[in-house]
Amino acid sequence: MKERLQELQSEALEKVERSSTLSDLQEIRVAYLGKKGPITEVLRGMGKLSKEERPVIGDLANKVREAITAELDRKKTILEKKALEKKLEHETIDVTLPGRPVQVGGPHLLTSIVEEIEDLFIGMGFEIREGPEVETDYYNFEALNLPKGHPARDMQDSFYITEELLLRTHTSPVQARTMGEYQGSKPVKMICPGKVYRRDTDDATHSHQFTQVEGLYVDKNVRMSDLKGVLNRFAKQMFGEDREIRLRPSFFPFTEPSVEMDISCKVCSGVGCSVCKGTGWIEILGGGMVHPRVLELAGYDPKIYNGFAFGMGPERIAMLKYGVDDIRHFYTNDIRFLKQYHKA
Amino acid sequence: MFVSLNWLKNYIDIENISAEELAEKITKTGIEVEGIEYVAEKSSNVVVGYVKECEKHPNADKLNLCLVDVGEEELQVICGAPNIAQGQKVAVAKPGAVLPGNFKIKKAKLRGVESNGMICSLQELGIEERFVPKDITDGIFVFPDEAEVGMDASQLLNLDDAILELGLTPNRSDALSMLGVAYEVAAILDLPIHLPSEKVEMTSEQASDYVTVNVEDPELNPYYGAFVIKDIHISHSPLWMRNYLMAAGIRPINNVVDITNYVLLEYGQPLHAFDFDQFGSKEIMVRRAKENEKMITLDDQERTLNSEHLVITNGNKPTALAGVMGGANSEVSNETKTVLLEAAYFSPSAVRKASKDHELRSESSTRFEKGVDPDRVKRAGLRAAQLLSKYANGTVLNGVVEFDALDRSEAIVEMETSKINDRLGTEISNEEIVDILRKLNFNFNQDGDTFTIYVPTRRQDITIFEDMVEEVARIYGYDNLPFTLPEGASQAGGLTVQQLLKRNVKSYFESAGLLETITYSLTSNARANLLVSPEVKNDAVIPVKLKMPMSEEHSTLRLSILPEMLDSLAYNTARKQTNLGYYELGTIFVSKQETVTEQPEERLRVAGAVTGEWVSHAWQQEKKTADFFLVKGIVEGFFRKLNIRVEYKQVKMDGMHPGRTAQIYLAERPIGFIGQIHPELQNDYNLKDTYVFDIDVDYIFEVQQNEPSFQKIPRYPSISRDIALVVDEGISALDIQTTIEQAGGSLVKEIQVFDVYQGEHLTKGKKSIAFNILYLDPERTLKDEEVEKSYQAILSAVQEAHQAELRG
Ligand SMILES: [Zn+2]
């Protein structure tokens with residue numbers, strides 16, 4: 001009996017070894033371990049055995065059963081894995097074929113630039129203020145030291161709606177409005193981005209509508225060197241650490257002293273090239289120390305408060321940064337243009 | 001302002017500095033040099049030659065055969081210029097000479113006769129034709145007799161000059177004169193300045209015997225000086241003067257006119273020369289013009305004047321429009337014998353008015369408009385009289401006949417060194433301040449730290465402390481200011497809730513696949529009335545218009561972003577870009593007034609447009625063209641993101657497809673629309689089916705201001721029931737949904753359409769619509785009976801309200 005069991009075991013294990021399908025395995029399982037199988041049969045014949053032999057053979061029969069079961073399971077796992085592999089093999093696709101396209105939207109280049117400027121100045125503690133695009137003559141001009149009749153506010157340069165209303169020609173009125181709102185009670189540290197309008201015929205370098213970002217800082221003891229420091233930080237973050245800035249005297253009715261800021265030319269690193277007209281410098285923004293009259297008009301005592309202001313054109317910055325060669329590109333919304341400048 | 005460096009060298013020694021270096025320094029100190037121009041490219045081997053003989057070419061009528069003495073040799077030269085003549089001194093390019101444009105002169109044969117060089121016109125030597133005196137634009141240039149034979153002609157003609165083009169800001173009108181520029185350069189380079197002589201020899205005859213001066217309004221004309229110069233001989237002005245004028249961009253005419261122009265450029269003081277004999281009287285009367293008074297100006301135009309214009313008259317008729325242009329009747333001509341020279345101060349506003357009304361901008365008017373230096377008015381007259389006596393054979397009569405109420409006082413500005421340093425962030429010493437003021441040629445008193453500045457009248461731009469801060473800073477050097485950061489109490493910068501929301505709106509539509517556009521706010525009147533959302537149309541009486549638009553295209557403020565956006569779509573379509581998905585966040589301008597007197601409301605809207613293919617997966621033959629539900633899906637996603645519930649109701653509006661347009665409601669308030677552009681309008685724009693939306697963002701922000709509170713994640717299971725109904729096709733999904741909502745009770749959490757069918761299995765005019773209803777109680781497990789009860793209530797409600805039948 002003992003021999004028979006061992007024989008059955010090696011016979012079954014051999015069959016398992018040779019089997020190549022899951023159904024083979026199932027057959028072997030039924031054949032050897034089933035209720036009508038040889039092992040059961042052996043056990044049934046145990047009645048003939050002596051009391052001593054019975055547990056020995058019973059034990060052996062269980063071991064044989066376990067051995068066959070284990071081997072069947074092991075083989076089953078292998079075969080299943082093989083079957084899956086085969087199935088997956090059949091599911092192979094050409095992964096180099098193009099996928100189903102998803103529409104990718106994105107911001108306008110000017111928005112990206114404006115938001116970049118905003119974030120940069122937010123980092124320096126500035127708040128962002130907005131104001132109306134249709135302005136009163138007072139806020140657009142008078143509050144900024146441009147009284148009626150001033151040559152710098154030629155009627156020809158602005159889009160008037162009535163004698164007193166016009167499309168703002170710069171975003172500076174937002175500064176005047178903000179100071180007016182605070183009524184000289186606290187410091188002002190703000191930038192104001194937005195659309196502005198001037199009577200220019202649209203061409204490669206002019207647009208009757210364009211964008212401006214202006215900044216204002218009013219506090220006690222503001223120095224011109226602070227303006228230089230803040231603009232320097234802005235320029236380096238916006239255009240790169242390797243860029244230098246220089247300030248030149250200029251004139252604006254709402255600042256005194258006034259400055260124009262140049263950055264060193266990226267193309268030629270300051271040596272001089274066609275982009276910078278041979279000067280090595282590119283004009284990027286204007287600014288200055290807030291004119292005492294402007295402070296006074298907004299309710300700030302110029303004996304206590306002073307400040308600086310500056311203004312820049314995102315179109316110009318975009319043109320310099322990305323080599324856009326025609327300002328009209330910003331407003332024709334050619335999809336081939338819009339798609340080019342997605343922020344990575 | 002064009003500054004000839006050779007001319008400038010008369011007042012200041014700048015031999016040792018290159019034009020480029022000087023330009024850089026001037027730019028950095030405050031006046032932008034916009035360009036450096038050289039009068040002509042370098043020519044070589046061009047000399048003064050004397051035409052010894054000149055006769056007709058044997059074989060050509062229009063050519064002359066000349067024998068020219070050029071110093072060390074005599075050359076046979078053929079010349080085609082009509083004004084060539086024996087006895088002239090001319091510019092000769094010898095064989096081997098190179099003229100501008102790399103034009104090499106060689107020996108040549110012209111119609112069988114040898115020519116050994118070329119006699120040159122000014123243009124051939126590189127001078128722009130518009131500056132060449134009119135009488136010789138077709139011919140060669142003739143030197144005055146004193147020119148020495150064999151001398152370098154380029155030098156005599158000032159062709160080696162460099163010209164700086166100054167871009168002057170409005171405050172720096174002091175640099176509209178050579179003397180002003182000289183003062184500026186003197187300050188920058190710390191050099192002394194040599195002023196021109198104003199000494200005039202006068203005869204004993206009194207000018208006042210010839211003319212009287214009366215001024216009606218001293219406000220408009222505080223100074224008028226008249227000089228009388230007799231025995232004038234009209235001719236060329238000296239060559240050096242003509243050279244300087246051409247370099248400065250002024251065409252030489254004759255000695256009298258050239259001298260007034262020369263002094264205008266030198267002193268920045270416009271002068272006017274009348275022909276005394278044509279003046280018409282012995283009385284100069286300066287007054288306001290009469291209404292509709294007429295005069296003919298130098299350019300032979302008849303001008304109609306009004307009382308805001310200032311005129312010089314002979315007591316009767318206007319003889320000049322003050323500071324702008326002289327009259328044709330008293331113009332200096334070749335016959336002029338006696339010159340009446342005017343040196344005056346006219347008020348900027350009077351001149352500005354006249355030059356603007358008559359569109360006459362001249363070298364003269366631009367200077368008066370900015371305010372001339374009161375100190376130089378009379379001096380400029382003296383300088384011109386001196387030059388007229390020297391270069392026009394003039395005899396200057398004794399005295400200046402004048403009216404004088406001119407304020408020549410200097411502005412006084414106080415400043416303290418410490419305050420300058422506080423403002424600039426510097427540590428400039430008193431000594432440095434003194435040095436800066438000396439360089440600027442400013443008079444001052446010093447009392448320790450305190451300076452009292454007497455600002456020269458040439459610097460009308462300096463009136464307050466801050467102006468002096470700039471003067472000190474620019475001479476000290478903006479480059480020398482330190483870099484510092486503000487020391488005031490720092491505040492946390494950041495975006496406001498609204499600004500954050502705006503960025504969120506943008507990023508949503510971008511993530512939904514739309515590209516942001518920026519279109520013009522100014523549109524045409526026709527487009528301004530197009531595709532205006534009903535709730536906007538309700539508020540806006542008429543679109544806001546510009547008073548003086550540049551074109552009808554951009555004459556009116558927009559009431560919708562869409563028309564200009566459609567224009568952008570059309571622009572792309574015309575360039576074969578037909579698959580487009582755009583959005584824009586921007587303001588529209590709503591005025592509730594018939595006649596606008598107040599600022600219009602500026603309302604923030606988000607609008608979008610989609611046309612063409614949206615999905616196209618070619619190798620899988622998958623293609624999805626934009627349609628209503630694509631755009632609606634985008635809009636629904638937007639509201640879902642904001643957690644705002646809106647409703648869509650069928651609407652008819654101009655410009656939109658009558659059956660495919662919905663108005664969007666937030667609670668009961670209309671906030672925009674969505675739909676397909678009317679096929680007729682699509683045609684006008686050359687567009688295929690285009691779907692758009694336009695939403696009031698301001699109101700959404702108002703609703704959004706309340707931060708949403710946390711909602712518990714449900715712990716109990718929900719129960720879902722489906723209901724399929726057959727109804728008339730005209731009944732909208734929203735109507736049925738509303739009924740379900742009302743009848744279903746509070747346990748109904750969500751209702752969704754999951755199937756719509758119309759076709760062969762249904763009666764004509766009917767449709768089947770199936771809803772999924774989700775029941776939930778966050779506090780407990782639902783019982784089947786209560787769901788069933790609600791379901792039955794819904795069923796009878798839809799049967800009653802919509803005659804709906806349960807679909808079998
Ligand atoms: Zn460069």
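Chain naming here is simple, since letters A, B, ... match the order of the sequence lines and numbering starts at 1 in each. Here the structure is a predicted model, which is why all the values come from computation and not from measurement.
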Should [X] and [Y] count as side-chain neighbours, where that means a heavy-atom distance under 4.5 Å?
X: A:Arg336; Y: B:Gln577; answer: yes
X: B:Arg172; Y: A:Phe251; answer: no
X: A:Asp94; Y: B:Trp619; answer: no
X: B:Leu485; Y: A:Asp226; answer: no
X: A:Gln209; Y: B:Ile518; answer: yes

So which part of [X] gets closer than 4.5 Å to some heavy atom of chain B, the side chain, the backbone, both or neither?
X: A:Phe252; answer: neither
X: A:Lys277; answer: neither
X: A:Glu260; answer: side chain
X: A:Pro98; answer: both
X: A:Leu231; answer: neither
X: A:Asp200; answer: backbone
X: A:Glu164; answer: neither
X: A:Ile161; answer: both
X: A:Arg293; answer: neither
X: A:Pro187; answer: neither
X: A:Glu283; answer: side chain
X: A:Phe126; answer: backbone

Please state whether the side chain, the backbone, both or neither of [X] comes within less than 4.5 Å of a heavy atom of chain A.
X: B:Lys353; result: neither
X: B:Leu569; result: neither
X: B:Arg352; result: side chain
X: B:Pro549; result: backbone
X: B:Tyr571; result: side chain
X: B:Ser616; result: backbone
X: B:Glu613; result: backbone
X: B:Gln620; result: side chain

Is the backbone N or O of [Y] less than 3.5 Å from a side-chain atom of [X], with the two atoms forming a donor-acceptor pair by type?
X: A:Lys228; Y: B:Tyr478; value: yes
X: A:Arg223; Y: B:Thr484; value: no
X: B:Gln499; Y: A:Ile128; value: yes
X: B:Glu602; Y: A:Val134; value: yes
X: B:Glu516; Y: A:Pro107; value: no
X: B:Glu470; Y: A:Pro249; value: no
X: B:His617; Y: A:Gly99; value: yes

[atom2] on [Y] to [atom1] on [X], rounded to 0.5 Å:
X: B:Glu598; Y: A:Thr136; atom1: CD; atom2: OG1; value: 12.0 Å
X: B:Leu495; Y: A:Glu115; atom1: CG; atom2: CD; value: 8.5 Å
X: A:Ile335; Y: B:Thr573; atom1: CD1; atom2: OG1; value: 10.0 Å
X: A:Asp334; Y: B:Arg575; atom1: CG; atom2: CZ; value: 7.0 Å
X: B:Thr426; Y: A:Met224; atom1: OG1; atom2: CE; value: 9.5 Å

What residue, out of [options], has the most heavy-atom pairs lying under 4.5 Å from chain B?
options: A:Tyr197, A:Phe308, A:Phe121; answer: A:Tyr197
options: A:Asp219, A:Thr201, A:Thr211, A:Leu167; answer: A:Leu167
options: A:Lys220, A:Glu133, A:Met289, A:Met190; answer: A:Glu133
options: A:Asn221, A:Asp262, A:Val259; answer: A:Val259
options: A:Glu256, A:Glu127, A:His291; answer: A:Glu256

Can you tell which of [options] has the highest number of heavy-atom pairs within less than 4.5 Å of chain A?
options: B:His554, B:Arg474, B:Glu564; result: B:His554
options: B:Ala473, B:Gly586, B:Pro600; result: B:Pro600
options: B:Asp467, B:Asp479, B:Val596, B:Asp422; result: B:Asp467
options: B:Phe509, B:Tyr582, B:Phe589; result: B:Tyr582
options: B:Ser551, B:Gly30, B:Ala23; result: B:Gly30
options: B:Thr496, B:Asn171, B:Thr169, B:Leu514; result: B:Asn171

Minimum heavy-atom distance between [X] and [Y], given as atom pair plus value:
X: A:Pro257; Y: B:Val469; result: CG-CG1, 3.7 Å
X: A:Pro292; Y: B:Ile464; result: CG-CD1, 3.8 Å
X: B:Gly425; Y: A:Ser225; result: CA-OG, 3.5 Å

Criterion side chain to side chain contact (heavy atoms under 4.5 Å, CB included) on A:Arg233 and B:Phe483, from CA distance to verdict: CA-CA 10 Å; A:Arg233 204 161 137 185; B:Phe483 291 97; over 6 Å; no
Counting only heavy atoms not in [X], do more than 12 sit closer than 6.0 Å to its [atom1] atom?
X: A:Lys148; atom1: NZ; value: yes
X: B:Lys545; atom1: NZ; value: no
X: A:Lys195; atom1: NZ; value: yes

Whether B:Tyr520 and A:Tyr331 hold their rings parallel, tilted or perpendicular, with breakpoints at 30° and 60°: parallel
Distance-only donor-acceptor check, side chains A:Asn333 and B:Ser568, under 3.5 Å: yes
salt_bridge(B:Glu24, A:Arg246) N-O dist < 4.0 Å: yes
